[in-house]
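A quick write-up on the structure given underneath.
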Amino acid sequence: MPLVRISLIKGKPAAHIRAIADGVHLALVDTFGVPAADRFQLIDQHERDAFLYDADYLGVHRTEDLVMITILASNWRDTAQKQALYRAIAENLARAPGLRPEDVMVALAPNQRDDWSFGNGLASYVSPT
């Protein structure tokens with residue numbers, strides 16, 4: 001169960017934002033094997049002066065269309081799956097809403113199965129003792 005946070009500069013139309021959210025989720029389904037109904041996303045829209053980034057870090061030129069995506073997901077995927085995820089997200093967001101791949105930044109935040117509670121005060125992926 002990934003928890004996705006999508007951050008961007010405020011002012012994009014709702015359809016643009018929805019296309020980003022849909023593209024990220026589709027990539028998770030296709031590369032991480034996430035069930036289609038397992039969708040938890042937070043969209044953060046920031047004022048321009050509260051969205052700071054290096055426009056040319058590591059030789060990648062970014063514009064004000066930059067989208068920062070943080071994915072909190074259990075740490076059992078290998079490097080090949082992670083690389084496939086990054087590629088799929090960039091390709092999906094290039095198709096819709098038309099972002100440049102250079103404007104798609106992804107960071108994974110790994111955790112363990114016992115780090116998740118979906119409610120009722122229980123560790124959802126841990127057998128009760």
Side-chain angles (χ1 to χ4, degrees):
M1 193 263 16
L3 175 60
V4 177
R5 181 173 295 268
I6 299 168
S7 301
L8 66 158
I9 295 173
K10 194 181 284 188
K12 298 294 185 190
H16 180 93
I17 295 167
R18 184 59 190 227
I20 293 169
D22 290 348
V24 171
H25 185 66
L26 179 60
L28 285 163
V29 170
D30 291 346
T31 64
F32 271 24
V34 171
D38 184 354
R39 186 171 183 166
F40 296 87
Q41 297 176 317
L42 302 166
I43 311 295
D44 299 320
Q45 297 182 62
H46 302 273
E47 297 295 334
R48 176 63 190 98
D49 63 350
F51 191 83
L52 306 175
Y53 59 92
D54 186 316
D56 292 299
Y57 184 68
L58 293 179
V60 178
H61 180 69
R62 294 163 194 84
T63 71
E64 291 198 358
D65 287 332
L66 177 64
V67 176
M68 296 184 196
I69 302 160
T70 306
I71 301 171
L72 181 65
S74 296
N75 192 22
W76 61 76
R77 278 98 179 180
D78 62 21
T79 298
Q81 282 180 290
K82 293 173 185 178
Q83 290 172 319
L85 174 67
Y86 304 145
R87 191 170 37 258
I89 290 173
E91 290 171 356
N92 289 352
L93 301 190
R95 268 192 302 279
L99 292 176
R100 299 167 54 250
E102 297 89 344
D103 285 325
V104 178
M105 179 179 160
V106 181
L108 292 177
N111 61 20
Q112 303 302 317
R113 289 184 176 268
D114 60 354
D115 292 326
W116 293 97
S117 175
F118 292 93
N120 296 322
L122 301 173
S124 301
Y125 291 131
V126 176
S127 298
T129 56

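This chain uses plain numbering: 1 for the first residue, then up along the sequence. Basis for what follows: all heavy atoms, side chains included, without hydrogens, waters or symmetry-related copies.
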Could you report the tightest heavy-atom contact between [X] and [Y], atom names first, then the distance?
| X | Y | value |
| --- | --- | --- |
| Ala27 | Ile89 | CB-CG1, 3.5 Å |
| Leu66 | Tyr53 | CD2-CG, 3.5 Å |
| Ala19 | Leu93 | O-CD2, 3.9 Å |

Side chains of [X] and [Y]: closer than 4.5 Å at any heavy-atom pair?
| X | Y | answer |
| --- | --- | --- |
| His46 | Ile9 | no |
| Lys82 | Leu85 | no |
| Pro2 | Leu108 | no |
| Asp115 | Leu72 | no |
| Val24 | Val67 | no |
| Val104 | Glu91 | no |
| Asp65 | Lys12 | yes |
| Phe51 | Lys10 | no |

How long is the gap from [atom1] on [X] to [atom2] on [Y], to the nearest 0.5 Å?
| X | Y | atom1 | atom2 | answer |
| --- | --- | --- | --- | --- |
| Leu28 | Arg77 | CG | CZ | 8.0 Å |
| Met68 | Asp44 | CE | CG | 11.5 Å |
| Ile69 | Tyr86 | CD1 | OH | 11.5 Å |

Taking [X] for its side chain and [Y] for its backbone only, find out whether a donor-acceptor pair lies under 3.5 Å.
| X | Y | result |
| --- | --- | --- |
| Arg5 | Leu3 | no |
| Arg100 | His61 | yes |
| Asn120 | Leu122 | no |
| Asn92 | Gly23 | yes |
| Ser74 | Trp76 | no |

(request) Determine, for Glu102 against Arg62, whether the closest basic-nitrogen to carboxylate-oxygen distance falls under 4.0 angstrom. (result) no
Is [Y] reachable from [X] through a run of hydrophobic residues whose side-chain heavy atoms are each under 4.5 Å from the next?
| X | Y | result |
| --- | --- | --- |
| Phe40 | Val4 | no |
| Val106 | Leu26 | no |
| Leu99 | Ile17 | yes |

